[in-house]
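FYI, the numbering just counts along the sequence from 1. Side chains included, hydrogens not; waters and symmetry mates left out as well; all remaining heavy atoms used. Quantities reported herein were computed from a predicted structural model and do not represent experimental measurements.
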Amino acid sequence: MANVVNEAREFLATHWQPDMDLAKWKELVIDNRWSALRWPEDCMGRSLDDETALEVEALFLAAGAPGTGQDKSNLWAGSIVGFGTPELKQQFIRPLLMDEVAMCLLYSEPGAGSDLAGIRTTAVRDGDEWVINGQKVWTSGAKGADIGMLIARTDWDQPKHRGISFFYFPMKQPGVEVRPLRQATGDSRFNEVFITDARVPHANLLGDLNKGWWVLQSALAYERAAMGVSRRGPRGPGGATSAAHGSIPSPDLSLVKVAQQAGKSHDHVIRQKLARLYCMRLVNDWNGDRAKAVSEAGGSSPLASFGKLAMSGILHYAGHLHSELLGAEGALDGDANPSARDANYSHLNAYFTSIGGGTDQIQRNIIGEMILGLPKEPQLDREMPFREVPATARK
Ligand SMILES: Cc1cc2nc3c(=O)[nH]c(=O)nc-3n(C[C@H](O)[C@H](O)[C@H](O)COP(=O)(O)OP(=O)(O)OC[C@H]3O[C@@H](n4cnc5c(N)ncnc54)[C@H](O)[C@@H]3O)c2cc1C
């Protein structure tokens with residue numbers, strides 16, 4: 001494996017210049033299979049073990065060259081790598097790595113959020129296609145999406161977790177109506193999606209028929225791991241940055257600056273709170289590394305739930321602290337008061353992480369059952385054919 005590290009060093013020396021066009025660089029990194037090192041060769045990776053991959057990633061990091069690590073962060077392509085047919089891999093992996101396909105997650109429904117196995121969107125086979133009917137909700141990025149990762153019920157006579165299938169569903173077709181919802185932050189990033197007699201080819205099934213629940217668990221673990229390390233900036237849920245492996249992440253100093261500007265950086269209590277926030281972030285970054293190491297070694301990763309739960313607490317804590325630093329000024333808002341606007345936004349946007357991808361309470365259930373070994377929650381409808389589950393018990 002020393003060869004591949006040398007090859008990476010040579011690649012960086014030959015091609016990377018800090019002032020180069022980053023779009024061109026991204027393409028070079030992807031086409032030379034440096035972007036997803038742990039994935040197999042037919043998925044634009046190099047099948048590297050974690051230790052070697054980390055060595056190569058460290059070289060890129062030291063050179064200041066972006067583009068590696070998509071095997072840890074690219075949920076969309078990751079699901080195809082794990083469960084797609086060779087044709088789907090061929091069709092989608094490169095465009096997904098290049099960020100050329102707009103994607104969304106069609107999981108939650110008005111009657112199925114925390115209890116996703118209660119979904120009622122239906123897929124019925126018609127020749128080489130499936131016909132989809134139902135309603136999804138809270139779908140981030142559905143407006144403009146090309147493909148939705150859709151869970152739908154394909155067998156109503158099986159118990160709730162076993163009759164679900166997972167599809168790569170084309171969004172731009174008749175029968176798909178997207179209606180934006182407005183959030184407390186003022187953003188409009190998620191939507192309701194109404195699906196009426198829309199179609200998806202059978203070839204777009206991920207994993208086995210009626211076994212979509214297991215594909216979903218893998219996709220949710222990816223999402224939770226990413227949310228566990230994402231440091232949301234003051235505006236918008238984009239801008240997630242992963243902690244650098246093997247190095248101590250630099251502290252988020254933005255609130256230190258706010259404290260200085262507010263003349264509170266010598267206040268002992270404030271200093272303790274800033275240090276506490278930094279320590280919480282640092283420990284959570286280490287936990288994120290631990291969760292990734294477990295999942296990359298082939299284990300299941302309930303540890304990702306720890307990270308997501310901790311990040312939810314960190315974001316709420318940071319929002320409160322920001323407001324506390326501003327004092328009465330925090331009651332202002334709008335572009336003329338950027339610091340107060342950012343504090344308010346951080347406060348409200350913290351709920352993104354404490355609800356999206358599974359609520360804090362659900363992460364606690366997962367931690368209780370899968371890490372602490374506590375008894376499972378009673379679920380009376382678990383083994384019944386879904387058809388017989390009363391609608392009121394489906395939540
Ligand atoms: C910003 C954001 C983006 C999102 N993006 C998407 C997306 O792109 N695609 C998508 O499909 N969904 C998305 N969601 C939906 C999200 O996954 C659901 O909102 C979430 O799973 C909770 O489901 P629910 O809203 O139906 O709440 P419910 O499941 O009705 O829960 C209501 C309350 O009851 C609690 N609760 C429920 N069951 C239990 C239990 N067993 N034990 C303890 N407490 C429980 C919950 O914690 C919560 O406090 C998004 C949500 C947000 C906030």
Side-chain angles (χ1 to χ4, degrees), residues 54 57-58 61-62 64 66 68-69 72-73 75 185 221-262 264-296 301-326 330 339 342-360 363-364 366-367 371:
L54 287 175
E57 284 164 359
L61 193 70
T68 58
K72 287 174 282 182
S73 61
L75 153 74
T185 52
Y222 238 105
E223 191 183 347
R224 285 169 187 162
M227 289 175 94
V229 293
S230 84
R231 299 179 169 201
R232 294 175 192 290
R235 297 229 44 102
T241 51
S242 299
H245 272 265
S247 64
I248 294 180
S250 57
D252 176 359
L253 294 175
S254 56
L255 287 187
V256 174
K257 268 198 201 122
V258 176
Q260 284 162 347
Q261 282 159 3
K264 293 183 180 168
S265 55
H266 294 287
D267 181 313
H268 296 288
V269 176
I270 293 293
R271 289 166 74 93
Q272 276 175 18
K273 288 185 178 178
L274 287 166
R276 182 177 147 92
L277 181 60
Y278 172 61
C279 293
M280 280 158 59
R281 283 196 187 282
L282 193 57
V283 171
N284 198 36
D285 286 338
W286 289 334
N287 185 62
D289 283 355
R290 204 170 129 221
K292 275 177 204 145
V294 172
S295 75
E296 280 154 19
S301 59
L303 281 172
S305 293
F306 256 140
K308 183 176 178 294
L309 182 60
M311 184 54 80
S312 159
I314 289 168
L315 295 171
H316 284 285
Y317 190 82
H320 281 288
L321 183 53
H322 197 158
S323 297
E324 186 181 345
L325 292 172
L326 295 179
S339 195
D342 287 352
N344 294 333
Y345 190 89
S346 300
H347 253 311
L348 295 171
N349 203 39
Y351 289 95
F352 187 110
T353 299
S354 49
I355 302 175
T359 63
D360 286 355
Q363 304 317 311
R364 287 193 184 96
I366 294 171
I367 292 164
I371 299 179

Evaluation steps, side chain to side chain contact (heavy atoms under 4.5 Å, CB included), between Phe352 and Thr185: CA-CA 10 Å; Phe352 187 110; Thr185 52; over 6 Å; no

With Tyr222 via ring-ring contact (aromatic ring centres under 6.0 Å, His included) - residues at least two apart: none

Return the [atom1] to [atom2] distance between [X] and [Y], rounded to the nearest 0.5 Å.
X: Gln261; Y: Leu326; atom1: CD; atom2: CG; result: 9.5 Å
X: Asn287; Y: Leu309; atom1: CG; atom2: CG; result: 10.5 Å
X: Met311; Y: Asp360; atom1: CE; atom2: CG; result: 12.5 Å
X: Asn284; Y: Cys279; atom1: CG; atom2: SG; result: 12.5 Å
X: Ile314; Y: Arg281; atom1: CD1; atom2: CZ; result: 6.0 Å

Considering all heavy atoms, the nearest [X]-[Y] contact:
X: Leu325; Y: Leu255; answer: CD1-O, 3.6 Å
X: Leu321; Y: Leu277; answer: CD2-CD2, 4.4 Å
X: Gly330; Y: Asn344; answer: O-OD1, 3.5 Å
X: Ser305; Y: Ile366; answer: OG-CG2, 3.5 Å

Evaluate the side-chain proximity of [Y] to [X]: yes if any heavy-atom separation is below 4.5 Å, no if none is.
X: His266; Y: Arg271; result: yes
X: Phe306; Y: Gln363; result: no
X: His347; Y: His316; result: no
X: Ile270; Y: Leu274; result: yes

Can you list the residues that meet the salt bridge (Lys or Arg N to Asp or Glu O under 4.0 Å) rule with Lys273, with sequence neighbours excluded?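 In terms of salt bridge (Lys or Arg N to Asp or Glu O under 4.0 Å), with neighbours along the sequence ignored, Lys273 is linked to Glu324.
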
Indicate yes or no for a side-chain donor-acceptor contact from Ser312 to the backbone of Lys308 under 3.5 Å, with no hydrogens or angles considered. no

If the condition is side chain to side chain donor-acceptor pair (under 3.5 Å), which residues does Thr68 pass it with, not counting sequence neighbours?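 For Thr68, no residue satisfies side chain to side chain donor-acceptor pair (under 3.5 Å) once neighbours in sequence are set aside.
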
For Tyr317, does the OH atom sit with more than 12 other heavy atoms under 6.0 Å from it, leaving out its own atoms? yes

